[in-house]
Amino acid sequence: MTIPENLISTNLAAILARIQTARKAAFKPAPYTHLVAVSKTVDEAGIRQALDAGQRLFGENRVQEAEKKFPVLKSDYPDLELHLIGPLQTNKVKEAMALFSCIETLDRQKLADALALGRDKSGACPKLFVQVNTGEEPQKAGVMPADTAALVAYAQNLNLPVTGLMCIPPADQEPAPHFGFLAKLARDNGLDQLSMGMSGDFEMAIRFGATHVRVGTAIFGARI
Ligand SMILES: *Cc1c(COP(=O)(O)O)cnc(C)c1O
């Protein structure tokens with residue numbers, strides 16, 4: 001799909017404006033709200049349009065897809081930052097640690113062990129968010145709410161840089177209670193960062209203190 005010239009920069013400007021408006025309207029917004037432009041399925045030309053418009057933070061949900069698109073873009077734009085927002089298999093940890101500045105989907109001890117091992121070998125570790133399955137959906141990734149504190153403690157005991165929580169509310173439910181719940185869980189665990197909110201609900205997430213909103217289709221158009 002070819003994306004019409006200027007559409008992405010127009011969309012980006014509109015989303016950034018909506019983020020600022022939502023922050024102003026929020027009773028107690030987070031100190032900042034970063035826009036993670038979700039570029040899964042978007043080709044390199046589309047991502048370059050966003051880069052030309054000044055966007056530097058992107059999210060991808062598959063390591064393999066990101067590995068195809070981003071090494072060149074990262075060398076052209078050294079300040080580009082990439083977040084992993086999809087599930088991570090332990091056999092892809094090494095590649096993920098090299099490519100992503102933040103992995104938002106830590107959801108089990110085995111993955112924490114693999115990240116600690118990778119950190120020991122490479123000397124560096126991306127920032128980490130623990131993904132919480134706030135809707136307790138059986139098919140969905142993420143740690144169960146009741147097991148979140150234990151996983152955060154486990155990762156922190158390995159000296160892994162856990163800085164926040166992430167959630168994807170069930171598609172068929174009001175997102176607000178999930179955002180409020182994630183915010184409380186983060187406070188209870190002494191974590192400052194909250195990745196929540198997508199194209200359809202990022203303004204609501206900002207009301208509940210989102211530091212990172214993950215927006216794809218509202219910037220790049222519908223995925224086909
Ligand atoms: C695809 C995706 C998004 C972006 O969703 P949109 O509705 O296109 O904004 C956000 N978060 C995750 C984890 C995703 O996989």
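Order of listing sets the numbers, starting from 1, for every ligand and every atom in it. Just so it is clear, the values below take in all heavy atoms, side chains as well, and ignore hydrogens, waters and symmetry mates. Just so you know, residue 1 is the first one in the sequence shown, and it goes up from there.
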**Message:** Do the side chains of Arg18 and Glu203 get close enough for a salt bridge, i.e. N-O under 4.0 angstrom?
**Reply:** yes

**Message:** If the contact criterion is a heavy-atom separation under 4.0 Å, does Arg223 count as touching ligand 1?
**Reply:** yes

**Request:** Answer with yes or no after comparing the ring centroid distance for Phe129 and His212 against a 6.0 Å cut-off, counting only values under it.
**Result:** yes

**Prompt:** Val132 pairs by side-chain contact (heavy atoms from CB on, under 4.5 Å) with which of Asp107, Ile168, Leu185, Leu151?
**Reply:** Leu185

**Fill in**
In this structure, atom 12 (C) of ligand 1 is nearest to the protein heavy atom Ile85 CD1, 3.5 Å

**Message:** Under the side chain to side chain donor-acceptor pair (under 3.5 Å) definition, can you give me all pairs with a residue in residues 109-126, not counting sequence neighbours?
**Reply:** Asp113-Tyr154

**Item:** SB check Glu65 Lys69 (cutoff 4.0 Å)
**Value:** yes

**Atoms in ligand 1 flagged as close to Arg214, the criterion being non-hydrogen separation under 4.0 Å** = 4 (C), 9 (O), 10 (C), 11 (N), 12 (C), 13 (C)

**Item:** Test: Asp76 and Arg48 ion pair at under 4.0 Å
**Value:** yes

**Asked** Hey, which atoms in ligand 1 end up nearer than 4.0 Å to a heavy atom of Gly216?
**Response** 4 (C), 6 (P), 8 (O), 9 (O)

**Polar proximity ligand 1 side, Thr217 side, N/O cut 3.5 Å exclusive** = yes

**Element-labelled atoms of ligand 1 that are located less than 4.0 Å from some non-hydrogen atom of Val215** = 9 (O)

**Message:** I'd like to know if Lys184 and Asp188 make a salt bridge, using a cut-off of under 4.0 Å between side-chain N and carboxylate O.
**Reply:** yes

**Asked** For atom 15 (O) of ligand 1, which of His212, Lys40, Met198, His83 has the closest heavy atom?
**Response** Lys40

**Request:** Can you sort out which atoms of ligand 1 are near Ile168, meaning under 4.0 Å from one of its heavy atoms?
**Result:** 13 (C)

**atom 9 (O) of ligand 1: nearest protein contact (heavy atom, Å)** = Ser199 OG, 2.5 Å

